[in-house]
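Protein chains get the first letters and strands the later ones, always in sequence-line order, with residue 1 at the start of each. Values in this document were obtained by computation on a predicted structure and should not be read as measured data.
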There are 2 protein chains.
Amino acid sequence: MATSRSNGIPVPAVRRLSLYLRQLESLAANSRKTVSSRQLGEALGLTDAQVRKDLAYFGQFGHPGVGYRVNELVTRVRSILGTDKTWNVLLVGAGNLGRALFCYRGFTKKGFQIVAIFDRNPAVIGTHPDPSRRIPVQPMGELDETVRRRNIRLAILAVPADHAQSVAREVLDAGVRGILNFAPVALRLDESVPVAAVDLSVHLEQLSFQLAGAPPQPKRNAVHAAARRRR
Amino acid sequence: MATSRSNGIPVPAVRRLSLYLRQLESLAANSRKTVSSRQLGEALGLTDAQVRKDLAYFGQFGHPGVGYRVNELVTRVRSILGTDKTWNVLLVGAGNLGRALFCYRGFTKKGFQIVAIFDRNPAVIGTHPDPSRRIPVQPMGELDETVRRRNIRLAILAVPADHAQSVAREVLDAGVRGILNFAPVALRLDESVPVAAVDLSVHLEQLSFQLAGAPPQPKRNAVHAAARRRR
DNA sequence: TTTTGTGAATTGCTTCACAGCA
DNA sequence: TGCTGTGAAGCAATTCACAAAA
């Protein structure tokens, strides 16, 4: 995973930038004109100082005594995230999850357009996962040409864990530059390739941990270490 | 979001614990008996010191000169995460994403069982999203009784953004303790409620940012600040 | 007033480096 | 020798607190 941060911007700040944008878009939809760092922070469970510091990493967007102008900031943040233009995206995997992602309506207004879907299973090739669009499932052999012709830079992987690594290689070889991976496996790729990973079970595990609490055996100190080996 | 950490364990360490478990399960499936912190780290893009430090937060699991015994550590980590027992989970939202999550086969072996699915749309109530299971979509009115009867503690929300907040309240009132939220909106709930959020567009935005690079206007310093206001 | 942007202080996390065990 | 567990050091992120702008 490309955890670059070669610029001086903290990784967590970039993650939060997406959340600020989402909140700002919601405010804009409600015709809100300005918002303060305090209000933005409250909506997202952050301090006002955190919000100001984060935004200040990218420029000076605020107006003292006023706050941030919503529409102005939306434009700026989109430009920073690179979603002021539309990205063409391909999807590999036409199983349950792949088809659901393909049909998901939320990507478009965020600047992402899934323009192609691939699968290696002959039984689904040629079918139309979303009847409202004229996009058939294509065989993997057409990857290279489609990536080139449609100028695709991002790929979503919704394939089984045991295929993910090889599919990742294939899409990168075809010219894709970044990957959103839904397969429950760690991809081993060049450091320079941006990878985002979503493992559905991992998120449930984090909830489980918080509810189960830290284990009754928090941490033994060095004094007791002598008694530790059990075999 | 409950970012508690009332214990002394770093939040990032808990997140990585899930990744260690996933990797360890994969090693176990390949009949690997032991693994070193170095090998575990390499597979996940972490340093060996990071792996040892993380695991040491939870106990002393390693064997000097040998490494970690895979099966032993799998058992220990499952117990720490609370997934050594099965959690009953409910799902709200029988749209494309909700049905895909309901049909997803990966949860069970991780200790999560989706035992009920709800929707407020009368047109889908009574239908069977997964024909291989005898679980019909239920109306929201049956939430309370089902949560109680099936001893459900976790809920997955796959509803539209504008319903998510009220649905979250409903499931909490029904007795649910933690929420995995797929709606692209920040839930405002009591600090004590664990919430995990997955926003599909947010992950694509992070890739977009990494490919677009930090903006050509990185950060003006105080000297140039005088020239900054544009309106 | 209100609210930003930002150095300084603080808190948190990761890496180093090595004693000790197998 | 190989490898863990862990204090200490170093680095990164957050919070504080206040001058300056509207």
Nearest whole angstrom, please: distance from the [atom2] of [N] to the [atom1] of [X].
X: A/Leu55; N: D/dT15; atom1: CG; atom2: C1'; value: 16 Å
X: B/Asp54; N: C/dT14; atom1: CG; atom2: C1'; value: 9 Å
X: B/Lys53; N: C/dT14; atom1: NZ; atom2: C1'; value: 9 Å
X: B/Arg16; N: C/dG12; atom1: CZ; atom2: C1'; value: 12 Å

Pair up each side-chain donor or acceptor in residues 101-109 of chain B with any protein partner under 3.5 Å, not counting sequence neighbours, and list the distances.
unit_1	atom_1	unit_2	atom_2	d
B/Arg105	NH1	B/Cys103	O	2.8
B/Arg105	NH1	B/Asp130	OD2	3.4
B/Arg105	NH2	B/Asp130	OD2	3.3
B/Arg105	NH2	B/Ser132	OG	3.1

Please determine whether a side-chain nitrogen or oxygen atom of A/Gln50 lies at a distance below 4.0 Å from atom OP1 or OP2 of D/dT14. yes
OP1, OP2 of D/dA21 versus side-chain N and O of A/Gln60: anything below 4.0 Å? no
Residue A/Pro12, side-chain heavy atoms: nucleotide from D/dT6, D/dA13, C/dT6 that is nearest: D/dA13
With the side chain of B/Tyr68 defined as its heavy atoms from C-beta on, choose the nearest nucleotide among D/dT15, D/dG5, C/dT14. D/dG5
For A/Gln39, check side chain to side chain contact (heavy atoms under 4.5 Å, CB included) against everything at least two apart and list the hits. A/Arg32, A/Val35, A/Ser36
What residues, two or more places apart in sequence or in another chain, satisfy side chain to side chain contact (heavy atoms under 4.5 Å, CB included) together with B/Gln165? B/Arg169, B/Leu187, B/Arg188, B/Leu189
Identify each atom pair where a protein N or O and an N or O of nucleotides 17-20 of chain C are less than 3.5 Å apart, giving names and distance.
unit_1	atom_1	unit_2	atom_2	d
C/dA17	N6	B/Arg52	NH2	3.4

If you look only at distance, which donor and acceptor atoms sit under 3.5 Å apart when one is on a side chain in residues 171-184 of chain A and the other is two or more places apart or in another chain?
unit_1	atom_1	unit_2	atom_2	d
A/Asn181	OD1	A/Ala183	N	2.9
A/Asn181	ND2	A/Ala183	O	3.3
A/Asn181	ND2	A/Val185	O	3.2

Okay, side chain of B/Thr86, backbone of B/Gly111: is any donor-acceptor separation there less than 3.5 Å? no
Suppose the criterion is side chain to side chain donor-acceptor pair (under 3.5 Å): which pairs have a residue in residues 13-27 of chain B, not counting sequence neighbours? A/Asp199-B/Arg22, A/Glu205-B/Ser18, A/Gln206-B/Ser18, B/Arg16-B/Asp54, B/Tyr20-B/Asp54, B/Glu25-B/Arg78, B/Glu25-B/Lys110
Pairs satisfying salt bridge (charged side-chain N to carboxylate O under 4.0 Å, His left out), at least one member in residues 158-168 of chain B, at least two apart: none
Got a list of side-chain donor-acceptor pairs under 3.5 Å for residues 40-48 of chain A, not counting sequence neighbours?
unit_1	atom_1	unit_2	atom_2	d
A/Thr47	OG1	A/Gln50	N	3.1
A/Asp48	OD2	A/Arg52	NH1	3.2

Any non-hydrogen side-chain atom of A/Leu21 less than 4.5 Å from a side-chain atom of A/Leu73? no
Heavy atoms within less than 4.0 Å of DNA chain C: which residues of residues 26-40 of chain A have one? Give them sorted by number. A/Ser36, A/Ser37
